[in-house]
Every structure is written in C-alpha cells, then in structure tokens.
Number of protein chains: 4
Amino acid sequence: MASDANGVSGRAEARRQKRERIVEAAIRVFARNGFGASRVSDIAREAGVADGTIYLYFQNKEDILLTIFEEKMAEVLDGLRAALDEVDDPIERIAVFARYHFEQLRRNPALAQVFQVELRQSRRFFRGYRPERLWDYLALLESAIRDGQAAGRIREDVDPFLLKWGLFGALDELAIQWVVSRKRDRFDLDRAAVQVVEVFLRGMLRPTLDGPEHGSASSNHQDPKRRSA
Amino acid sequence: MASDANGVSGRAEARRQKRERIVEAAIRVFARNGFGASRVSDIAREAGVADGTIYLYFQNKEDILLTIFEEKMAEVLDGLRAALDEVDDPIERIAVFARYHFEQLRRNPALAQVFQVELRQSRRFFRGYRPERLWDYLALLESAIRDGQAAGRIREDVDPFLLKWGLFGALDELAIQWVVSRKRDRFDLDRAAVQVVEVFLRGMLRPTLDGPEHGSASSNHQDPKRRSA
Amino acid sequence: MASDANGVSGRAEARRQKRERIVEAAIRVFARNGFGASRVSDIAREAGVADGTIYLYFQNKEDILLTIFEEKMAEVLDGLRAALDEVDDPIERIAVFARYHFEQLRRNPALAQVFQVELRQSRRFFRGYRPERLWDYLALLESAIRDGQAAGRIREDVDPFLLKWGLFGALDELAIQWVVSRKRDRFDLDRAAVQVVEVFLRGMLRPTLDGPEHGSASSNHQDPKRRSA
Amino acid sequence: MASDANGVSGRAEARRQKRERIVEAAIRVFARNGFGASRVSDIAREAGVADGTIYLYFQNKEDILLTIFEEKMAEVLDGLRAALDEVDDPIERIAVFARYHFEQLRRNPALAQVFQVELRQSRRFFRGYRPERLWDYLALLESAIRDGQAAGRIREDVDPFLLKWGLFGALDELAIQWVVSRKRDRFDLDRAAVQVVEVFLRGMLRPTLDGPEHGSASSNHQDPKRRSA
DNA sequence: AATGAATGAGGATTCATTCAT
DNA sequence: GATGAATGAATCCTCATTCAT
C-alpha cells in the first residue's frame with residue numbers, strides 16, 4: 001500500500017503514534033491530579049480520543065501507569081547509559097548521574113511528578129509490581145560507587161547499596177521540593193545538584209595524601225549567601 | 001462513682017480513648033492498603049466500632065488522615081525536641097536527628113508507611129494542606145546545620161536549606177527501603193543511619209588542621225562486607 | 001407527694017408540659033425545613049431535650065407529625081365550633097369559617113405551614129392515615145352550605161360537597177401565597193378573605209326578589225385599586 | 001442509513017427518546033412514592049435503564065424533578081395557550097381554563113400528582129426554585145379576569161390577583177380529591193369543573209339589567225341529588 | 001479501528017432509633 | 001425519667017470498563 005511505501009508510516013506506525021499520544025496525555029493528567037483522582041475519560045479527552053479507544057491500547061487504567069513507568073524509565077535509562085558511557089572516572093560518573101537525574105526532571109516535570117509520587121505509591125499498592133528499570137537505573141549508581149572503591153578512590157567502609165539509596169533519596173527529595181515550589185522561582189536546581197553531590201562525594205572519598213581538600217568535589221564553589229529557597 | 005474519683009476516666013476520657021482507637025486503627029488500615037483503597041468500614045471494623053461512629057469523631061475519611069498527620073507529627077516533633085534538648089554539640093545533634101528519625105520508624109512502621117506514602121501524596125493533592133509540623137521537624141535539622149556553621153565546624157559553602165532536604169530525603173528513602181523490604185531481615189537500619197550520617201557529616205564538616213580524618217564521623221567503623229540488602 | 005399537693009402539677013403535668021414543648025419545637029422545625037429534611041436531633045435541640053427523650057414521648061418521627069395533625073387540628077376544630085356556635089345564620093357561618101381559617105393561619109403561621117405542606121404529602125404517603133379531624137373541620141362548612149340550602153338561601157343546584165372542597169382550596173391556596181410571600185408585606189389576608197367569601201357567596205346564593213345585589217355578600221366594598229400583591 | 005434519511009431518528013433522536021423514557025418513568029415513580037421515598041434505582045428500573053444511565057441525562061435526582069416541572073409545565077402551558085387562542089369572550093376563557101386544567105389532570109393523573117404534591121413542597125424547600133411556568137399559566141387566568149373587567153362584564157371590586165389564586169386553589173383542591181379518591185368512582189370531575197366555575201363566575205359577574213340570572217354561568221343545571229362523593 | 005452510550009459494582013455518608021449509664 | 005453515644009441500614013452517585021454501531 002501507499003502508506004507502506006517508505007516502510008515507516010504504515011498502519012503500525014499510526015498505531016504507535018496514537019498510543020504515544022495517550023501515554024503523553026496520561027502523564028499530564030496523572031501529574032495534574034494524581035493517579036487515583038484521574039479519570040480515564042480525562043486522559044481520553046486530553047489525548048483527543050474516545051474513552052473506548054484507550055482500551056484498544058491498554059488493558060486498563062493501571063496498565064497505562066505501569067506503561068509509563070516501564071517505557072519512560074527505559075528511555076531515561078538509555079539516556080543515562082549513554083551519558084555514563086562517555087565518562088571513565090567513577091567519581092565523575094557519580095556527579096554525572098546526579099546532573100542527569102535533575103536534567104530529566106527539568107525537561108519533563110510532569111513525568112517527574114508521576115514518577116516521584118505515583119511510583120512511590122505503586123511500589124506498595126500494585127501487587128507485585130517491581131520497578132526493575134528503576135533498579136537498573138540505580139544499579140548504575142551503585143556500580144560507580146563500587147568502581148570508585150575498586151580504584152581506591154572511595155573509602156572501603158562505605159556501603160554502596162546504602163549510599164545508592166541515600167543519594168537517590170536526597171536527589172529525589174530535592175526534586176520534589178523543586179517541583180512543589182513555585183517551580184522556576186526560588187529554587188536553583190543546579191546549585192542543589194552541586195551541593196548534594198559535593199557533600200556526598202566529600203563524605204565518601206578516601207582522604208588523599210595531599211591534604212583535606214578533595215579535588216573535583218570542592219572545585220566549584222558558590223556563594224552560600226545566595227540562598228536557594 | 002469510683003471512676004470519677006480521680007477525675008481521669010470520666011466521659012471525656014472515654015471519648016478520647018475511643019477516638020485514639022480509631023486513629024490507631026486507621027493508621028494500620030492506611031498502611032496496609034493505602035488511603036485510597038481503604039474503606040471507612042475497614043477502619044471501623046479494625047477499631048471495633050460501627051461505621052457511623054467514625055463520623056462522631058471525624059468529619060470524613062480525609063479528616064482522619066489529616067488528623068494522623070497533625071497529631072502524630074506533633075508527638076514525633078515533641079519527642080525530637082526532647083531528644084535534641086540534651087545535646088549541645090550541633091554536629092552531634094545532626095546525628096541524633098537521624099537516629100531519632102529511624103527510631104520512630106522502627107517503633108511504628110505502620111505510621112511511617114502512612115507518612116512516607118500518603119503525606120507525599122497529600123502534599124500535592126489535598127489542596128492547601130500544609131504539613132507545617134513536618135516543616136518544624138525539619139527546621140530543627142536546618143538549625144543544627146546553621147549552628148554548626150556558626151561554631152566554625154561546618155563549611156560555609158554548605159547551604160543548610162538544601163542539605164536539610166537532602167539529608168531528609170536520604171533518610172526517608174532508606175526508611176522506605178527498610179519498610180518495603182521484608183522488614184527485619186536483611187536491612188540493618190542502624191547501619192544505614194550510621195552510614196548516611198557519617199557521609200553527610202564528613203561531607204559537610206570543615207577540614208581540621210590535624211588531618212583529613214574527622215573525629216566522630218568516622219569513629220564507628222563497620223565491616224562493609226556484611227552487606228545490608 | 002408535695003408535687004401532688006394541688007393535684008395539678010404532679011409528675012403527669014410535668015410530663016405533659018415536656019411533651020408539649022417537643023410538639024411545639026417540632027412544628028417550628030417542620031415548618032422551617034419540611035418533614036423530610038428535619039432531623040429528630042433538630043427537634044430535640046429546639047425543644048431543649050436529648051434525642052432519646054423524644055422517644056419517651058413519641059413512637060417515632062412520623063408519630064410526631066401525626067400527633068401535630070391530630071392534636072392541633074382538634075384544638076382548631078374546637079375553636080371553630082365555638083366560633084360557629086354563636087352564629088345562627090348559615091350564610092354568616094360560611095363567612096365566619098373563612099375568617100376563622102385565616103385567623104388561625106395568622107396566629108400560628110408555622111403550624112399553618114406544616115398543615116398545608118405536610119398534610120398534603122401525608123394524605124398520600126403515610127399509609128392509611130386519614131385526617132379525620134380535617135374532615136370534621138370541613139364538615140362544618142358543608143353543613144353550613146346545606147343549612148343555607150334548607151333555608152332557601154343557597155341555590156339548590158349547588159353541590160355542598162364540591163363547594164366545600166372548592167372553598168377550602170381557595171382559602172388554602174391564598175394561605176400558601178400569604179405564607180410564601182414576604183409575609184406581612186404586600187399581602188392583605190383580610191382583603192383576601194373578604195374577596196373570596198364574597199365571590200363564593202354571591203355565586204352560591206339564590207337570587208332574591210329585590211334585585212341582583214345580594215345583601216351581606218356585597219356589603220363591605222373595598223377599593224380594588226389598592227392591589228394586594 | 002435508512003434511519004438517517006429523513007434526519008429524524010438519528011443519534012440525537014435516540015438520545016431524546018431515552019431521556020423522555022426516564023422522565024416518564026420518574027413521573028410514575030414520584031407519583032407512586034413521592035419524591036423523597038423514590039429511589040433513583042426505582043426510576044432506572046421503571047425506565048428500563050441502568051442506574052448510571054440516569055446520570056448521563058440528569059445531574060441528580062432533584063434535577064429530574066425540576067425537569068419534570070419545567071418541561072411538562074411548558075407543554076401544559078402551550079396547550080392552554082392554544083386552547084385559549086380560540087376563545088375571544090373573556091368569561092368563556094375562564095371556563096375554558098378550568099376545563100383545560102381538569103382535562104390535563106384526567107389525561108395524566110401521575111403527572112398531576114407530582115405537580116400537586118411535590119411542586120407544593122418544592123416551592124418551599126428547593127431554595128430558590130421559582131416555578132415561573134406555573135406563574136405564566138396562572139397569568140393567563142388573571143388576564144382573562146382583567147379582560148372581563150375591561151369589557152364591563154366582571155365587577156370592578158374583584159381583585160384579579162386574589163381571584164386567580166382563589167380559583168386555582170379551588171380547582172387544585174378538587175383535583176387532589178379526585179386523585180386521592182378511588183379515582184374514577186364517585187367523583188365526577190366534569191361536574192366539579194362546572195360547579196366551581198359557575199359559582200366563581202356568578203360571584204364575579206356584574207349584575208345585568210335583565211334580572212338576577214346570569215346567562216352562561218347558570219345554563220347547565222345538574223341534579224344536585226346525584227351526589228359526587 | 002474508533003466511538004461514546006450504557007452499564008453496574010462499590011463506598012462514603014446520614015440519621016432514625018436504641019440502650020447502657 | 002433523661003441522656004447522648006453508638007449503631008448500621010439505606011442510598012445517591014462515580015467512573016472503569018464494555019460493546020453495539
């Protein structure tokens with residue numbers, strides 16, 4: 001058929017695009033109202049399709065949310081892998097992780113909302129849902145810490161498993177505060193990233209022979225008087 | 001009557017006790033199912049009262065949740081204040097904060113569930129609800145950081161506001177992991193507290209003249225081989 | 001006992017008074033909100049008693065309403081009988097009926113509300129309730145019409161049964177309009193009574209030999225320019 | 001499709017029909033049980049639809065009742081206007097009004113029930129509901145009376161506003177009695193109409209020169225011995 | 001495939017009535 | 001008798017999901 005001429009925008013492609021429109025609509029709606037308070041008909045309207053159409057692409061409302069978790073997390077995960085691929089130094093990779101995390105947030109705050117609020121809910125209340133992609137994502141952080149230990153840069157008494165969650169929690173909470181606050185105003189996301197990473201790294205790094213100051217971690221000073229919120 | 005003699009267990013006291021029973025029941029039910037999926041009749045059954053009785057003590061289902069936030073947070077806040085009162089050293093107070101936070105969690109995991117999952121939801125979806133008690137709670141942490149800076153112990157380039165949220169986030173995320181995991185098994189809450197506080201403190205403390213090692217922060221070594229989860 | 005000394009205000013008398021207080025409170029509450037929207041606890045509060053006390057005096061909520069119908073109607077009926085006893089002329093008795101009807105209304109508008117609105121409901125929806133007192137009340141009107149016919153004053157082709165309901169309906173509707181309108185303002189209840197009675201009587205009376213004007217019915221002219229509402 | 005050919009039974013038409021079915025069902029149910037005692041599910045069953053379907057057509061239960069008031073009264077009002085259009089003589093128009101009123105009643109007793117009982121309730125208890133259609137309906141009666149006065153046929157000392165309500169009340173009360181009584185049995189609605197109109201007209205008409213008998217009003221005698229109830 | 005009208009299960013809340021004190 | 005806390009049956013309404021067109 002004509003639509004198959006270039007082999008790309010056939011039936012399947014049209015289908016994929018409509019599905020994507022629904023997912024994007026759902027992200028906006030869930031971010032606005034929360035999963036529980038969002039109606040399927042809201043998503044349908046936002047996506048410009050009929051209610052019933054949703055069910056041609058998803059099993060049910062919960063499936064939409066899980067799809068968001070899975071597919072969007074996969075994209076984010078791919079992006080993170082790409083970003084880390086270019087960096088060899090394990091310490092720098094930790095910093096890149098943090099910057100990447102906040103960068104995603106800034107680009108798609110609605111998606112960030114959904115992840116932060118609903119994923120947390122879902123971890124407990126969707127029976128058996130295991131956010132494996134999230135674990136993969138965080139495993140990259142844990143690896144970087146381990147690599148740092150193997151390279152003798154990070155203290156041996158640091159537990160990579162615990163610190164992974166600790167750093168993630170710190171980033172996540174700051175993310176929530178950024179999202180919740182009048183977004184762009186008083187909260188400087190870059191400063192937050194720098195601060196937290198600096199403190200974590202200083203806290204994790206092995207003392208070096210040449211003094212208490214630890215290279216990269218302390219390099220980019222900022223004026224602490226310029227309060228952030 | 002005898003029960004009125006000491007003026008304690010009168011009618012008002014009985015009322016207070018029943019109200020408390022409902023609150024405690026609600027905490028268990030919300031922790032189990034989440035706020036949205038909890039039925040008022042579940043709470044009533046758990047509390048051993050009739051459905052209608054709930055409404056003699058609370059306006060509606062949401063009011064129960066907000067009451068939990070307010071009253072339980074007030075108790076926790078009082079406890080934190082008492083714990084911090086005994087400590088002068090600002091650095092030690094930060095460590096006490098972390099230990100106290102986890103201690104509450106261990107004592108009342110169901111309450112912790114509700115706070116971590118539902119409060120986070122509520123911050124966004126109960127229009128206008130402002131968890132002021134939580135802010136008071138965290139303000140004590142921010143104060144300790146500022147005091148540490150004033151005493152010349154904590155670096156000046158640290159932003160107390162950002163670090164407050166960062167440390168809280170780290171603790172909170174580890175708390176969730178502890179709660180979510182098969183609770184008592186593989187996750188050592190004490191080690192987690194020690195690790196995170198150590199890293200944060202080391203990262204925040206000013207370098208001392210006598211070398212890169214910072215006294216208290218690094219004092220309680222543990223074997224990192226004993227993995228935590 | 002001391003309270004029985006005068007034989008009047010003993011236990012029984014106190015009981016009677018409290019019961020009366022409840023009835024009066026119920027009239028006010030029903031008039032305000034309607035029977036359906038009135039809560040038993042509203043009546044209790046209005047009467048200054050506890051909810052449970054109501055049930056020491058009445059079977060249930062419906063019983064209060066029926067009691068109002070029965071007892072208050074009995075009082076009104078007694079009053080009407082007394083008023084009619086003093087009048088021999090059947091035509092005049094019809095006029096007295098109308099004046100008495102409106103007089104009651106003016107004196108106790110709340111009671112009138114309850115009768116007009118709730119009795120009408122109840123005639124249909126309280127299974128088997130037969131407002132016999134109301135029928136007795138109206139029977140006095142029907143008798144007067146019959147007496148007028150027997151005396152040759154009222155036309156033979158008038159059906160007393162139908163005219164009874166017709167006149168009652170006319171009075172009742174005007175009563176509702178009076179009650180519903182901003183009560184004392186624009187609606188002159190006396191004029192309404194005069195108008196309706198005049199028209200009905202003129203319409204029912206036999207033509208007399210001395211001309212088209214019918215004695216009493218046309219005696220109290222009023223300026224029709226002074227509109228009533 | 002064939003059904004769309006004439007543009008009548010399209011989707012919109014189907015919608016309109018289902019809506020009408022619900023309205024008609026509600027009239028029957030309200031007439032049977034009263035508004036308060038009627039369950040939405042009763043209406044749904046009577047209409048042969050699911051409970052939820054009701055809410056695709058009406059906001060809530062009260063909205064159904066108000067719709068009945070508005071739409072059915074509009075129909076009745078149109079019918080009255082048509083009936084009066086054919087009559088010039090103001091006196092005759094009053095008689096037509098009465099006959100039309102009873103005719104509607106006879107045709108749709110359930111609707112009459114709802115109007116007589118629930119509208120009366122509603123006039124007081126649905127805050128702010130103003131039965132404007134009813135006022136329009138009655139305004140036609142008032143106009144006829146005024147026209148009769150302007151034509152010198154009706155006495156000047158008659159207040160059209162009061163008589164409008166009076167006549168309406170008389171008709172309405174007789175209507176209720178007819179509806180309440182075992183309907184077709186003992187109560188002759190036609191006789192009632194004739195009687196009341198005759199009396200009212202005789203009472204309102206100006207005396208003519210040629211004697212006390214007033215043409216049309218007294219023309220259709222009936223045997224008063226044939227009691228009506 | 002798309003539509004959107006229809007379905008009906010589910011649950012928060014009210015309030016008449018009871019009963020222990 | 002009086003109280004008022006407790007009960008629990010009853011019902012309106014929402015909304016995820018289905019299915020005829």
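Heavy atoms only: backbone and side chains are in, while hydrogens, waters and symmetry mates are out.
- Contacts of residues 43-53 of chain B with DNA chain F (heavy atom under 4.0 Å): V49(B), A50(B), G52(B), T53(B).
- The CG-P distance, from N33(A) to dT14(F), rounds to 16 Å in whole Å.
- The CZ atom of F35(C) sits 9 Å away from the P atom of dA16(E) (whole-angstrom rounding).
- Atom P of nucleotide dA5(F) and atom CZ of R16(B) are separated by 16 Å, given to the nearest angstrom.
- Note that K61(B) lies in the cation-pi zone of F35(B), set by a 6.0 Å cut-off to the ring centre and a 45° limit from the axis.
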Applying the Watson-Crick and G-U criteria (both distances under 3.5 angstrom) with [ ] for crossing and | for other-strand pairs, one obtains for DNA chain F .||||||||||||||||||||
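- For dA2(F), the OP1/OP2 oxygens have a side-chain nitrogen or oxygen of Y57(C) closer than 4.0 Å.
- Partners of R133(D) by side chain to side chain donor-acceptor pair (under 3.5 Å), not counting sequence neighbours: none found.
- Contact annotation: K61(C) side-chain N/O to dT17(E) OP1/OP2 distance is not under 4.0 Å.
- Remark: C1' of dC13(F) and CG of N60(D) are 9 Å apart, rounded to the nearest angstrom.
- Residues passing the salt bridge (charged side-chain N to carboxylate O under 4.0 Å, His left out) test with R16(A) are E13(A), sequence neighbours excluded.
- At a threshold of 4.0 angstrom between heavy atoms, the contacts of F58(D) with the nucleic acid are absent.
- By the side chain to side chain donor-acceptor pair (under 3.5 Å) test, Q59(A) pairs with no residue at all, sequence neighbours left out.
- Residue order along DNA chain E, read from the 5' end via each residue's closest nucleotide, puts V40(B) first among L56(B) and V40(B).
- Every salt bridge (charged side-chain N to carboxylate O under 4.0 Å, His left out) that D42(C) has, sequence neighbours left out, goes to R39(C), R45(C).
- Y129(D) and E62(D) form no side-chain donor-acceptor contact under 3.5 Å, judged by distance and modelled atom types alone.
- Between R21(A) atom CZ and dA1(E) atom P the separation is 15 Å, expressed in whole Å.
- Side-chain proximity of R39(C) to the nucleotides dC15(E), dA1(E), dA6(E) is greatest for dC15(E).
- Each of R15(D) and Y55(C) lies near DNA chain E, and the nucleotide nearest R15(D) is the one positioned closer to the 5' end.
- Judged as a side chain to side chain donor-acceptor pair (under 3.5 Å), and not counting sequence neighbours, the contacts of R28(B) are E46(B).
- By the side chain to side chain donor-acceptor pair (under 3.5 Å) test, Q116(C) pairs with no residue at all, sequence neighbours left out.
- For the salt bridge (charged side-chain N to carboxylate O under 4.0 Å, His left out) test, residues two or more places apart in sequence or in another chain that qualify with K72(B) are E20(B), E24(B), E75(B).
- By the 6.0 Å and 45° rule, R21(C) does not stack over the aromatic ring of Y57(C).
- Rounded to whole Å, the distance from CG on D42(D) to P on dT11(F) is 8 Å.
- Mapping K18(C) and G36(A) onto DNA chain F via the closest heavy atom, the residue that lands nearer the 5' end is K18(C).
- Summarising the geometry, the separation between CZ on R19(C) and P on dA2(F) is reported as 13 Å, rounded to the nearest angstrom.
- At whole-Å resolution of the value, CD1 in I54(B) and C1' in dG11(E) are 14 Å apart.
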